[in-house]
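These notes concern the structure reproduced below.
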Protein chains: 2
Amino acid sequence: MGNEDIEWDPYDPNCPSRQLVDRIGDRWTVLVIGVLSDGPARYRDLADRVAGISPKMLSQTLKALERDGLVVRQAFAEVPPRVVYELTEAGQTLRPVLLELERWARKHMPGVLEARERYDASAQG
Amino acid sequence: MGNEDIEWDPYDPNCPSRQLVDRIGDRWTVLVIGVLSDGPARYRDLADRVAGISPKMLSQTLKALERDGLVVRQAFAEVPPRVVYELTEAGQTLRPVLLELERWARKHMPGVLEARERYDASAQG
DNA sequence: CAGCATCCCTCGTGATACTG
DNA sequence: CAGTATCACGAGGGATGCTG
């Protein structure tokens, strides 16, 4: 576990790039972070905006994000209960990265989908 | 994200951002693309550089990438066989995005891992 | 409203062995 | 070398119902 000056091999399972993929490479994490990039949000808001997510996955995703110091959870002692989730400073730094991703998707995903259709049309299943 | 004057709902299952997550949000895809970002590579090279990937997952990942027009496969009729994989132009456009990801990981993942340890240390299982 | 517990089943993934 | 075929396992994630 020593933090010596490692040589950088993104294809080594123990390198940060890989750890990041393991961290955000699931169906929901980046979507939840994306919503929180617009500002703090309540549990209900998140459930609504991340279309299709189940309560279980939302809780799970949020808890993992909190564990990793990317999101803070603030619960108010009220009735009915109110809980607000918010990106930490570290979490905020993900925003520009996600924006890049979004920009790419917007520009290139249609082409990808077309290529996929062409491929499927010309290939024998 | 909110300051663009188009209707763009990244949290709708049918939006490009989401499609991108579905596309590259698996354990291997971004790693394979990462290797190919350094230039064309043979099957063997890829297997070596993406540590831990099985032949099956490598083939599968490559085929999916080819289907989506992000990678081209070039087979030479030789003995022994030689097959070279290469990013298409579309595939190349992913490079800067991936670099951003890598940059983020390098800078912030150590902190994330620390936060995680702190959390686990202070929480009761 | 927020979110945990439980059941259950799909599907991604690894291991292994085989082919052109 | 460059894959494919097959099996089998375990985690991911949905549905439902309950609690504070």
Side-chain angles (χ1 to χ4, degrees), chain A residues 11-14 18-19 21-33 35-36 40-68 71-86 119 123-125, chain B residues 11-13 18-33 35-36 40-68 71-86 119 123-125:
Chain A
Y11 317 117
D12 174 326
N14 282 10
R18 188 105 170 215
Q19 291 165 350
V21 173
D22 286 344
R23 180 62 194 78
I24 68 172
D26 64 281
R27 187 176 230 64
W28 303 116
T29 298
V30 300
L31 266 7
V32 168
I33 295 176
V35 176
L36 291 176
R42 301 179 58 171
Y43 183 89
R44 209 13 157 140
D45 299 332
L46 289 163
D48 289 342
R49 297 191 59 189
V50 182
I53 195 171
S54 65
K56 175 185 164 183
M57 291 316 296
L58 182 52
S59 295
Q60 196 169 301
T61 302
L62 252 9
K63 187 167 292 184
L65 251 14
E66 191 191 358
R67 179 165 96 114
D68 287 355
V71 160
V72 271
R73 196 192 105 117
Q74 193 177 3
F76 296 87
E78 304 173 355
V79 178
R82 180 164 57 103
V83 180
V84 174
Y85 293 90
E86 187 173 5
Y119 184 98
Q124 20 282 39
Chain B
Y11 320 116
D12 175 329
R18 187 103 167 217
Q19 291 165 350
L20 178 63
V21 173
D22 286 343
R23 180 62 194 78
I24 68 173
D26 64 282
R27 188 175 230 65
W28 303 115
T29 297
V30 300
L31 266 6
V32 168
I33 295 176
V35 175
L36 290 176
R42 302 178 57 170
Y43 183 90
R44 210 10 155 147
D45 299 330
L46 289 162
D48 289 342
R49 297 191 58 189
V50 181
I53 196 170
S54 65
K56 175 185 162 183
M57 290 316 296
L58 182 52
S59 295
Q60 196 169 301
T61 302
L62 252 11
K63 190 167 290 184
L65 251 13
E66 191 191 359
R67 180 165 96 113
D68 287 355
V71 159
V72 270
R73 196 192 103 117
Q74 193 178 4
F76 297 87
E78 303 174 355
V79 178
R82 180 164 56 104
V83 179
V84 174
Y85 293 90
E86 188 174 4
Y119 184 98
Q124 19 281 43

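The structure presented is a predicted model; accordingly, all values stated were derived computationally and were not measured. Naming: A, B, ... by sequence-line order, numbering from 1 per chain.
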Please give, in whole Å, the distance from C:dA2 P to A:Arg82 CZ?
-> 10 Å

Gap between atoms CD and P, on A:Gln74 and C:dA2 respectively (whole Å) = 14 Å

Taken in chain and number order and not counting sequence neighbours, the residues that satisfy side-chain hydrogen bond (donor to acceptor under 3.5 Å, both in side chains) with B:Thr61 are none

What distance separates A:Arg73 CZ from A:Leu62 CG, expressed to the nearest 0.5 Å?
-> 8.5 Å

Contacts of A:Lys63 meeting side-chain contact (heavy atoms from CB on, under 4.5 Å) (sequence neighbours excluded), chain-then-number -> B:Tyr119

Sort and list the pairs that fulfil salt bridge (Lys or Arg N to Asp or Glu O under 4.0 Å) and have at least one residue in residues 74-85 of chain B, not counting sequence neighbours.
-> B:Glu78-B:Arg82

Min side-chain heavy-atom separation B:Gln60-B:Thr29 under 4.5 Å = no

With sequence neighbours left out, the residues meeting salt bridge (Lys or Arg N to Asp or Glu O under 4.0 Å) with B:Asp48 are B:Arg44

Pairwise side-chain contact, A:Leu58 with A:Trp28, heavy-atom cut-off 4.5 Å (strictly under) = no

Excluding sequence neighbours, so at least two apart, what forms side-chain contact (heavy atoms from CB on, under 4.5 Å) with A:Arg27?
-> B:Asp22

Residues in side-chain contact (heavy atoms from CB on, under 4.5 Å) contact with B:Pro55, at least two apart in sequence or another chain = B:Tyr43

Hey, does B:Ser59 reach any base, or is it just sugar-phosphate, or nothing, if we go heavy atoms under 4.0 Å?
-> base

Can you name the residues that form a salt bridge (Lys or Arg N to Asp or Glu O under 4.0 Å) with A:Arg42, not counting sequence neighbours?
-> none

The helix from C:dC1-D:dG20 to C:dG20-D:dC1: angle between its terminal axes, five pairs each, to 10°?
-> 50°

Sorted by chain and number, sequence neighbours left out, side-chain contact (heavy atoms from CB on, under 4.5 Å) with B:Ala41 holds for B:Leu36, B:Asp45, B:Leu46

Rounded to whole Å, CG of A:Leu58 lies from P of C:dA2 at a distance of 10 Å

How would you give the extent of chain A contacts on DNA chain D, as first and last nucleotide 5' to 3' within a 4.0 Å heavy-atom cut-off?
-> D:dG13 to D:dG20

Which parts of nucleotides 5-20 of chain C does protein reach within less than 4.0 Å, heavy atoms only, written one letter per nucleotide 5' to 3' as B for base, S for sugar-phosphate only and - for none?
-> -B------BBB----B

For B:Tyr85, report the nucleic acid contact type (base, sugar-phosphate, nothing); a contact means any heavy atom under 4.0 Å.
-> sugar-phosphate

Rounded to whole Å, OH of A:Tyr43 lies from P of C:dG3 at a distance of 6 Å

